[in-house]
2 protein chains.
Amino acid sequence: MNTWQSVRAYVLDRIRSREWPPGELIPTEQELAAGLGCARATVNRALRELADIGIIERRRKVGTRVATTLARRTVLDMPAIRTEIEDMGAIYAYALAGFSVEAPTEAAAHALQLSAGDETVAIKAIYCADDLPHCFETVWLNARVLPPLKREDLERKSAHEWLADRVTLTHGHFSIMADRAGAEDARHLKIEEGTPVLAIERTNWADTTPLSFARQLYPPQHRLMSGD
Amino acid sequence: MNTWQSVRAYVLDRIRSREWPPGELIPTEQELAAGLGCARATVNRALRELADIGIIERRRKVGTRVATTLARRTVLDMPAIRTEIEDMGAIYAYALAGFSVEAPTEAAAHALQLSAGDETVAIKAIYCADDLPHCFETVWLNARVLPPLKREDLERKSAHEWLADRVTLTHGHFSIMADRAGAEDARHLKIEEGTPVLAIERTNWADTTPLSFARQLYPPQHRLMSGD
DNA sequence: CAGTGGTCTAGACCACTCC
DNA sequence: GAGTGGTCTAGACCACTGG
């Protein structure tokens, strides 16, 4: 069989065995297709997949080279928190912990492209998995461009779910860092103040407008995993 | 023009405008191809890209549905540290901080599939960007399956570079977490003990054998970024 | 200018899965 | 069984880029 997967396996094999060492040009698509007895499109599909994850580098006119660096691109799954908890087989629980109209923090203002005088809705919430704190989140919504919402709207479902019911987000941006739990963070996560926490900040966009900025804090044992 | 990118843009547009709301079936590939006047393969390519990042969900016989969750898959770039520093426009510096043959830690033994009695080579190194500590790393090498190495081999280049010169790694696995800097970590990163640090653990494999396990610690201001 | 990858086409067959 | 996506083919033209 000459599936694109088998072509990919063939190429990976040559690379692993160092028959095609790092930095070296590998045969052209035409040569591979002829050698393997399949269509060039099939070879192209296989090589494109490998180029996507950084195993090889392709340039027109030059050819395809085995990547020299250890750099790799991996796919990182960023599930909705509800999904994340339910996929663990745990019971999902959500509780609203704060709701106020206020000036954004500096980071939130920057992410939402607002000036200091603008107003945002700041929403705090705690997510639990089997009654254990899983994530403490603060969401700032861009009040200018979103329909009005009341505290009651968020008693049962999260700000993200409320948002997803009303608009379709087109893209986002993440930033992952380590931080020290503040007093409020520690109280909600039931950990000691000053404990290291994993912080994920996400900005959600619809077209050219940033709609929400979320800062999610995870307790120390939390791990973000990915493989390739 | 009917490029696959234009088909993707067309579909994204319908989703953003909620003409095709979340959870809804969108037209079949055949219908889209006929409607847009292009080949089904072109539509397939466009829809596959969208499915890859979680915008739509596809199932045979059923059709293609607009994803309902906020879940997204994003591509995370995990560059080699040298590349990461040089891409910032900073001067890369590497210094070996420790070299010993010893029993692996529990995490390292697990990642390398070794038992407690096995030996590993443990290598500690500090990477600097413009003379500022950028990353403190400990690498455990699976001594059983790797060519012997001496301390001198690592005076000028990192364990990863040494490894890449000898074998071709096929895949890896990451785990990202927040941790508290220990005394040794703090000394090398020039921060206070107990400061939160971002920890990235990576296992590197060649085929079915884990070859190395690395634990990289980054100072608090470090951010891992990704967008979609 | 020529060589390489990037893409499109029209048609075909297969794989999965709901009915 | 029938409808949908998944893939392969053979051929074609285009886009980029090195010489």
Side-chain angles (χ1 to χ4, degrees), chain A residues 1-15 19-69 71-73 75, chain B residues 1-15 19-69 71-73 75:
Chain A
M1 293 231 293
N2 276 324
T3 61
W4 68 265
Q5 290 95 333
S6 71
V7 175
R8 182 182 58 184
Y10 172 84
V11 172
L12 271 178
D13 225 53
R14 298 307 163 109
I15 294 176
E19 192 171 328
W20 297 341
E24 201 92 331
L25 283 176
I26 74 174
T28 66
E29 292 189 350
Q30 284 201 2
E31 290 164 350
L32 282 170
L36 298 174
C38 65
R40 186 167 78 90
T42 307
V43 175
N44 181 275
R45 170 75 186 269
L47 296 185
R48 178 155 38 80
E49 299 272 331
L50 293 176
D52 280 348
I53 58 171
I55 302 279
I56 58 178
E57 289 161 358
R58 322 194 69 197
R59 285 172 65 195
R60 282 164 157 147
K61 165 74 179 178
V62 176
T64 300
R65 216 173 270 286
V66 180
T68 52
T69 69
R72 289 289 181 273
R73 262 150 280 153
V75 174
Chain B
M1 293 230 295
N2 275 325
T3 61
W4 67 266
Q5 291 95 333
S6 72
V7 175
R8 182 183 58 183
Y10 173 84
V11 173
L12 270 178
D13 225 53
R14 297 305 162 112
I15 293 175
E19 192 171 328
W20 297 342
E24 201 92 332
L25 283 176
I26 75 173
T28 66
E29 293 189 349
Q30 285 201 0
E31 290 166 348
L32 282 171
L36 298 173
C38 66
R40 186 167 77 91
T42 307
V43 175
N44 181 276
R45 169 75 187 270
L47 296 185
R48 178 155 37 81
E49 299 271 332
L50 293 176
D52 280 348
I53 58 171
I55 303 278
I56 58 179
E57 289 161 359
R58 322 195 70 199
R59 286 174 63 195
R60 282 163 157 149
K61 165 73 180 178
V62 177
T64 300
R65 214 174 270 287
V66 180
T68 53
T69 70
R72 287 289 182 274
R73 263 151 280 155
V75 175

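Residue numbers begin at 1 in each chain, while the letters A, B, ... track the order of the sequences. All heavy atoms count here, side chains included; hydrogens, waters and symmetry mates do not.
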Can you measure [X] atom [atom1] to [N] atom [atom2] for me and round it to whole angstrom units?
X	N	atom1	atom2	value
Ile56(B)	dG6(D)	CD1	C1'	14 Å
Arg40(A)	dC8(C)	CZ	C1'	11 Å
Glu49(A)	dG5(C)	CD	C1'	16 Å
Asp52(B)	dG6(D)	CG	C1'	13 Å
Gln30(B)	dA12(C)	CD	P	13 Å
Leu50(B)	dG6(D)	CG	P	12 Å
Arg58(B)	dA15(C)	CZ	C1'	14 Å
Glu29(A)	dC8(D)	CD	C1'	15 Å

OP1 or OP2 of [N] versus the side-chain N and O atoms of [X]: is any pair under 4.0 Å?
X	N	answer
Thr42(A)	dT7(D)	no
Asn44(A)	dG6(C)	yes
Arg45(A)	dC8(D)	no
Gln5(A)	dT7(D)	yes
Thr64(A)	dT4(C)	no

Just how far is it from atom [atom1] of [X] to atom [atom2] of [Y], taken to the nearest 0.5 Å?
X	Y	atom1	atom2	answer
Arg65(B)	Arg59(B)	CZ	CZ	8.0 Å
Thr42(A)	Arg8(A)	OG1	CZ	13.5 Å
Leu12(B)	Leu50(B)	CG	CG	5.0 Å

Residue closer to the 5' end of DNA chain C, Leu47(A) versus Ala41(A) (nearest nucleotide): Leu47(A)
Taking every non-hydrogen atom, the tightest pair across Pro22(A) and Thr68(A):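 Minimum heavy-atom separation between Pro22(A) and Thr68(A): C-CG2, 3.9 Å.
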Test side-chain contact (heavy atoms from CB on, under 4.5 Å) applied to Ile15(B) and Ile55(B), step by step: CA-CA 9 Å; Ile15(B) 293 175; Ile55(B) 303 278; 3.9 Å; yes
Which nucleotide in dT9(D), dG5(C), dT7(D) has an atom nearest any side-chain atom of Arg48(B):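 Per side-chain heavy atoms of Arg48(B), the pick is dT7(D).
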Among dT7(D), dT9(C), dG5(D), the nucleotide that comes nearest once only the side chain of Trp4(A) is considered: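 Of the options given, the side chain of Trp4(A) lies nearest dT7(D).
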Arg14(A)/Glu19(A) under salt bridge (charged side-chain N to carboxylate O under 4.0 Å, His left out): CA gap, chis, key distance, verdict: CA-CA 5 Å; Arg14(A) 298 307 163 109; Glu19(A) 192 171 328; 2.7 Å; yes
Give me the distances for all protein-to-nucleotides 16-19 of chain C N/O pairs that come in under 3.5 Å?
residue: dC18(C); atom: OP1; partner: Arg59(B); partner atom: NH2; Å: 2.4

What donor-acceptor contacts under 3.5 angstrom involve side-chain atoms of residues 24-33 of chain A, with partners at least two apart or in another chain?
residue: Thr28(A); atom: OG1; partner: Glu31(A); partner atom: N; Å: 3.2
residue: Glu29(A); atom: OE1; partner: Arg40(A); partner atom: NH1; Å: 2.6
residue: Glu29(A); atom: OE2; partner: Asn44(A); partner atom: ND2; Å: 2.8
residue: Glu29(A); atom: OE2; partner: Arg58(A); partner atom: NH1; Å: 3.0
residue: Glu29(A); atom: OE2; partner: Arg58(A); partner atom: NH2; Å: 2.7
residue: Glu31(A); atom: OE1; partner: Thr28(A); partner atom: N; Å: 3.0

